[in-house]
There are 2 protein chains.
Amino acid sequence: MFNAKSLPVPSIQRLPSYLRLLEEAKAKGKHVVSCTHIAEELGQLSVQVRKDLAITGVSGRPKVGYNIDELINAIRDFLGWNQQTNAFLVGVGNLGSAILNYDGFVTHGLNIVGVFDSNPALRGKTVKGHTVVPFDDMLEYVETLKENDVFVKLGVITVPASAAQEVADKLVQIGVRAVWNYAPTVLELPESVICENVKLSESFAVLTNRMRNQDRR
Amino acid sequence: MFNAKSLPVPSIQRLPSYLRLLEEAKAKGKHVVSCTHIAEELGQLSVQVRKDLAITGVSGRPKVGYNIDELINAIRDFLGWNQQTNAFLVGVGNLGSAILNYDGFVTHGLNIVGVFDSNPALRGKTVKGHTVVPFDDMLEYVETLKENDVFVKLGVITVPASAAQEVADKLVQIGVRAVWNYAPTVLELPESVICENVKLSESFAVLTNRMRNQDRR
DNA sequence: TAGATTGTTAATCGATTAACAATC
DNA sequence: TAGATTGTTAATCGATTAACAATC
């Protein structure tokens, strides 16, 4: 009904790289930056940067550029990185541990409030301050969180492909609104649940296909 | 000069998911599959699947479909997954370990022939059968490989952003033809070196932006 | 033969790029 | 004022989807 026209995904995907650059510029003491400069730095066209920035609602000043603080805030706001996203992480292997240990996502609002694994060997172990809870205990764990008015919005899936659907089902059951899936599977989820797949094999495919094409020249 | 018209990247990125489905079908004892079926399974249009498959050069039979073995082979060939890709991996943190321990990439031809880290605590440790070599010893390590006719084609970068450029420079120095970069940085590389960036923050950005949009309805 | 499916050409859609006016 | 930069409209490009003919 109020079907807001959806914003171009490619633009959204480029925003984090702008943000990184802006934060570096800020750290260097700069206050203003032109999109001509951003474009040069990242090897794109300045029009594209301008269009991308426009979707965040911020505006710049001709001849001057954009205010860095304002722009950083607008991008973070637009991406939802100024709010906390309470999340469960399921699967504390190397990949799961990598996410828990990477501080970048914390500054993007990712707030892990529960860490699960079905491997008994991990039971009770602590990773980056999070005690690993048995996967089967997720439901009761959610209840105790609810009692403290903590609600889980996101599920991060870092289990092997074979277990991913089962994990997704449980996450849906406890009421997450979105799933961030690192397993190479197409998950079946209710329409209302947002799903973003991290495409590692897909990335590798593009890489090796290009290497092969180079070979054939 | 012989600028072969470049193939659509989105199509290349969809091929791995077809491959997964085909291998499952094969494991179930099937020999033939229609793209109508693939499309249904993955929630896409069948024309798209047909176009995507066409770029691999394989052809199907009307009313019947595609031969699964033939199709698997054609996709793997097209992606370069039927050949070994000798690679160095730099950065044996959780992310690097995750890649080393994930068998999927091995079946895609990824052949790790050297694992490096500058952390002295890791020196001499073994991860998935690979002894961690000090980063500074890479050059001499390459020489011993060359003596055995082993040539490194790819560098996998799983170090923090702050170290990524330095690692990339060294990899270029030893002559890799491509770089698979997991660090959130735009690397400066010679034109001739292929670079594929894994976009984790970019994926998170799309996710949280959609969650935010849902909030605002 | 009828129907399902492939393969291909044409139409549509959306994103990128070009052109240019507005502005500090 | 001149020049650099933003903001916007138009043109181009490429990918997706629709339409349909070919075929087993």
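Quick note on labels: first sequence line is chain A, next is B, and so on, each numbered from 1.
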In whole angstrom, what separates Y66(B)'s OH from dT5(C)'s C1'? 9 Å
Presence of T36(A) side-chain N/O under 4.0 Å of dT6(D) phosphate oxygens OP1/OP2: yes
Could you tell me which non-hydrogen atom of V90(A) sits nearest to which non-hydrogen atom of V159(A), and how far apart they are? O-CG1, 3.4 Å
Interatomic distance where CD1 belongs to I38(B) and P belongs to dG7(C) [whole Å]: 12 Å
Rounded interatomic separation in angstrom, taking CG from L71(B) and P from dG7(C): 10 Å
Quick one: does any side-chain atom of T208(A) pair with a main-chain N or O of L79(B) as donor and acceptor, under 3.5 Å? yes
Looking for any heavy atom pair under 4.0 Å, which part of the strands does S46(A) touch: base, sugar-phosphate only, or nothing? nothing
Atom-to-atom span, CD1 of I12(A) to P of dG14(C) - whole angstrom: 14 Å
Please determine if K128(B) and D103(B) form a salt bridge, counting it only when a charged side-chain N lies under 4.0 Å from a carboxylate O. yes
B/S/- along nucleotides 16-24 of chain D (protein heavy atoms under 4.0 Å) is SBBB---BB
Pairing partner of dT16(D), by Watson-Crick or G-U wobble and under 3.5 Å for both distances, is dA11(C)
Does any nucleotide pair with dA21(C) by Watson-Crick or G-U wobble geometry, both distances under 3.5 Å, and what is it? dT6(D)
For E202(A), is there an ion pair with R20(B) - N to carboxylate O distance below 4.0 angstrom? yes
Under 3.5 Å donor-acceptor, N111(B) side chain and T85(B) backbone: no
Any Lys/Arg nitrogen of K30(B) or D69(B) sitting under 4.0 Å from an Asp/Glu carboxylate oxygen of the other? no
